[in-house]
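A short write-up of the structure that comes next.
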Amino acid sequence: MKYLMMILVVASNGALAGQYYECKDAQGKKLFSQMPCPSQYVDEEVKVFKDEGSSMAGEASREEAPLRRDYAQELSDSNNSIRLNRQIERSEKKLEMLRQSYERDTSKLKVDAMEISGVNARNRAQQVIDQINARETKYIAERKKEAEALEAAKKALKELKN
């Protein structure tokens with residue numbers, strides 16, 4: 001059992017190895033990511049991280065610990081920035097799709113309402129108008145929900161950058 005434990009400790013030294021991308025934008029701001037750099041970044045460098053010592057064995061120096069925490073925080077902030085930018089982009093696309101869908105559906109229904117004639121035309125037109133009103137209510141609720149999510153993501157991104 002003692003030897004098994006020693007083997008596990010020695011084998012775990014290489015477990016803290018990995019690859020990451022260090023990206024720089026036009027202003028020189030760095031972005032760290034586990035995935036290749038987004039297109040708006042002009043400089044990409046692939047780096048490999050390998051923990052040489054075992055923190056369980058107490059080999060890491062006290063001076064390295066704050067640097068690693070700072071680096072980990074910078075990496076975390078970078079990943080959060082990417083996630084928030086993607087969320088903002090998705091929300092903006094969804095808002096545009098909602099608007100287009102609403103306009104397409106209601107314009108067709110309005111044309112249908114205007115073309116109704118004959119017996120019970122007033123009742124059938126009122127049904128179409130009720131459909132238009134129901135779609136408008138649904139659209140407003142969906143748009144409000146997505147706009148709130150968009151604003152929350154923009155606010156979180158702004159706080160992250162500050």
Identify each donor-acceptor pair in which a side-chain atom of residues 116-126 lies under 3.5 Å from a protein atom, sequence neighbours left out, and give them as a table.
unit_1, atom_1, unit_2, atom_2, d
Arg124, NH2, Ser117, O, 2.6
Arg124, NH2, Val119, O, 3.2
Gln126, NE2, Asp130, OD1, 2.9

Taken to the nearest 0.5 Å, the spacing of Ser107 OG from Tyr102 OH works out to 10.0 Å
What residues, two or more places apart in sequence or in another chain, satisfy side chain to side chain donor-acceptor pair (under 3.5 Å) together with Arg99? Glu96, Glu103
State the CD-CD distance between Glu92 and Glu89, to the nearest 0.5 angstrom. 7.5 Å
Under the side-chain contact (heavy atoms from CB on, under 4.5 Å) rule, collect the residues that match up with Glu142, sequence neighbours excluded. Leu98, Lys138
Partner set under side chain to side chain donor-acceptor pair (under 3.5 Å) for Lys155, not counting sequence neighbours: none
Over all atoms of both residues, closest heavy-atom pair of Ala149 and Gln87: O-NE2, 4.2 Å
Listed by chain and number, what are the side-chain contact (heavy atoms from CB on, under 4.5 Å) partners of Leu75, not counting sequence neighbours? Phe32, Asn79
Would you mind listing every salt bridge (Lys or Arg N to Asp or Glu O under 4.0 Å) that reaches into residues 110-120, with sequence neighbours excluded? Lys108-Asp112
Point-to-point distance, once rounded to the nearest 0.5 Å, from CG of Leu84 to NZ of Lys158: 14.5 Å
Is the shortest side-chain heavy-atom distance between Glu146 and Leu150 below 4.5 Å? no
Does Lys29 reach the side chain of Lys161, with side-chain heavy atoms less than 4.5 Å apart? yes
About how many Å separate OH of Tyr139 and CG of Asp105, when rounded to the nearest 0.5 Å? 11.5 Å
When you check the side-chain N and O atoms of Asp77 and Gln73, is any donor under 3.5 Å from an acceptor? yes
Flag the pair Asn133 / Glu136 as yes when at least one side-chain heavy-atom distance between them is below 4.5 Å, and no otherwise. yes
Please lay out, stage by stage, how Ile82 and Arg86 fare under the test side chain to side chain contact (heavy atoms under 4.5 Å, CB included). CA-CA 6 Å; Ile82 290 172; Arg86 288 178 182 158; 3.4 Å; yes
Ignoring hydrogens, what is the shortest heavy-atom contact between Leu95 and Ala147? Give both atom names and the distance. CD2-N, 4.1 Å
Given side chains that start at C-beta, do those of Arg104 and Ser101 come closer than 4.5 Å, heavy atoms only? yes
